[in-house]
There are 2 protein chains.
Amino acid sequence: MGLSMGRPRRQIVLENPQLEEAYRAVKQGISRRRTLIVIGNCWVDYEGRASSKLEPGERIVLFKSDGSALIHRPRDYAPVNWQPPGSIFRTRLDRGTLVMRVYRRREHEVLEVAFDRIALVAVLDLVDTGEFHLYASEEDMKQAILLQPSLLEEGFRPVAAEKPVEPGFIDILGVDGDNVLTVVEIKRKAADKNAVLQLKKYLDIFKVDSDRPVRGILVAPELARGAQKMLATLGLEFKALSPQKCSEVLKQKRGRRLTEFLG
Amino acid sequence: MGLSMGRPRRQIVLENPQLEEAYRAVKQGISRRRTLIVIGNCWVDYEGRASSKLEPGERIVLFKSDGSALIHRPRDYAPVNWQPPGSIFRTRLDRGTLVMRVYRRREHEVLEVAFDRIALVAVLDLVDTGEFHLYASEEDMKQAILLQPSLLEEGFRPVAAEKPVEPGFIDILGVDGDNVLTVVEIKRKAADKNAVLQLKKYLDIFKVDSDRPVRGILVAPELARGAQKMLATLGLEFKALSPQKCSEVLKQKRGRRLTEFLG
């Protein structure tokens, strides 16, 4: 029986089943568009845009209800083979093996997994409506400011990003509305005293090199304890900016997800 | 009991377990570096280079023995959250939830999954030594020839790839050792009569445009029935080249895997 939730649901779990028994469960699961997991000794052939052959071994194979499929070895985070949503699943018993066929007709793509021993079959009825929120990295925050410099302040113009300087890398170097050189250091969490000292070090490079005034702005969602006083003492500034805000700007400007697993 | 193979192995499968029971199995699995699957209603927090929050829903979570972890929703082929190999797993019972903590200390990265209901726990002892062979796509074959033109013939120099011409796209356009314009059409499987006609069409474009002689070379691992005769009749040539060979060249030249799931 399934999880004790609102609607009645069923799951089938077979441990070390005979191939015939596994076949019946899998076939039913496919026809009901359930999520399937088949674990066992298998080999895999793929023929499509490229082709591949995976020799026998024990793997975890996921068949999702949207028609995507993944073959996972006991190691590595990337699947060894996979098919995108929209694939069609078929199963058959064939000369002492349970064969799972995953194909996309239009793309002439076929992935076949043949199991000769099965350790576990699970036919699942999963409900997942939870939202996923992704907030930006420091790199994303930098990109957001480069794409929309007014996030820092009106009139700001970046002239360089990750400029290599002696004590490390400056996140963004630019000039403000009055043409004053401005060094920007970005933190995605509350900026502490170390962040202030880091910014100070970058600033000193330019103060030594020229008589021009230089501004230093620490960008972060907030300041940690003690950082405000140190900033004021050193004549540096703070600009509150959250990773969330940067995520929104990037989404808007780029029109796509910030981080895509498939790169 | 596990699969009936050479060495004695054990797997633990718990259907709809109490959290305490699941906790004991998971804890043992982690200490023995087993592959774990936990399926149930959960929520996820990630804090590292970026941060993310996944609201409650039913998911499949894989914890591999190399320290990689993947959280899969019932849809999409990409995991919603993941951690690379080398992560450390910890588990605890916390206010009515089973918490799985996946972290990398040096990178200040933490992924936490909290389950309040568990549908299935599997502690697996998988053995997978099978080799994976990946053979090149047509695009890979093209890249291999561009990187090492002698794969086609000595003296060949590519001048364009995927040149947009009227009836489609030419794979490679180049000149041979005698400066004769050469059109190359690539197939990753046995090239049939359609492939020959396709090459002929591309060739005709250049024959109309100039009085220069033009060579047409069909590159494929082999020719399908009837294609050889048609090639000869039309004055075209064949060069045998396998996707495997191209894979090797690319590996050598690029020093990395041809296709990487993470792009």
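Lettering of chains follows the sequences in order, A, B, ..., and the numbering in each one begins at 1.
Within 6.0 Å of CD on A:Gln244 lie more than 12 heavy atoms contributed by other residues, nucleotides or ligands.
In this structure, A:Tyr77 and B:Pro84 approach most closely via the heavy-atom pair CD2-CA, 4.1 Å. B:Asp128 and A:Arg59 make their closest contact through OD1-NH2, 2.6 Å (heavy atoms, listed as atom of the first residue, atom of the second, distance). Considering every non-hydrogen atom in both A:Asp125 and B:Glu58, the closest pair reads O-OE1, 3.6 Å. When every heavy atom of B:Gln11 is checked against every heavy atom of A:Asn16, the shortest pair comes out as NE2-OD1, 3.6 Å.
Here the side chain of B:Glu131 pairs no donor or acceptor atom with the backbone of A:Leu54 at under 3.5 angstrom. Panel note: side chain B:Lys64, backbone A:Asp76; a donor-acceptor pair is recorded below 3.5 Å.
Pairs engaging residues 33-65 of chain B under the ring pair (Phe, Tyr, Trp, His ring centres under 6.0 Å) rule: B:Phe63-B:Phe89 [sequence neighbours left out].
Separation of atoms CZ (B:Arg75) and OG1 (A:Thr35) is listed at 10.5 Å; rounding is to 0.5 Å. To the nearest 0.5 Å, the span separating CG on A:Leu120 from CD1 on B:Ile37 amounts to 7.0 Å. Taking CD of B:Glu55 as the reference point, atom CZ of A:Phe132 lies at 11.0 Å (rounded to 0.5 Å).
Heavy-atom pairs under 4.5 Å with chain A peak, among B:Gln83, B:Arg49, B:Arg73, at B:Arg73. Ranked by heavy-atom pairs under 4.5 Å with chain A, the first of B:Asn81, B:Leu62, B:Val13 is B:Val13. Taking chain B as the reference chain and counting heavy-atom pairs below 4.5 Å, the highest number among A:Gly67, A:Ser52, A:Pro74 is found for A:Pro74. Contact tally against chain B (heavy-atom pairs below 4.5 Å) for A:Pro85, A:Pro56, A:Ser68: the top residue is A:Ser68.
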Would you give me the side-chain donor-acceptor pairs under 3.5 Å for residues 23-34 of chain B, sequence neighbours excluded?
{"from": "B:Ser31", "atom 1": "OG", "to": "B:Gln28", "atom 2": "O", "distance (Å)": "2.9"}
{"from": "B:Arg33", "atom 1": "NH2", "to": "B:Ser65", "atom 2": "O", "distance (Å)": "3.0"}

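At least one side-chain heavy atom of B:Leu126 sits under 4.5 Å from a side-chain heavy atom of A:Ile39. Two residues are said to be in side-chain contact when any heavy atoms from C-beta on lie closer than 4.5 Å; A:Ile60 and B:Leu124 meet this criterion.
The only member of B:Arg188, B:Lys189, B:His133 that meets side chain to side chain donor-acceptor pair (under 3.5 Å) when paired with A:Ser51 is B:Arg188.
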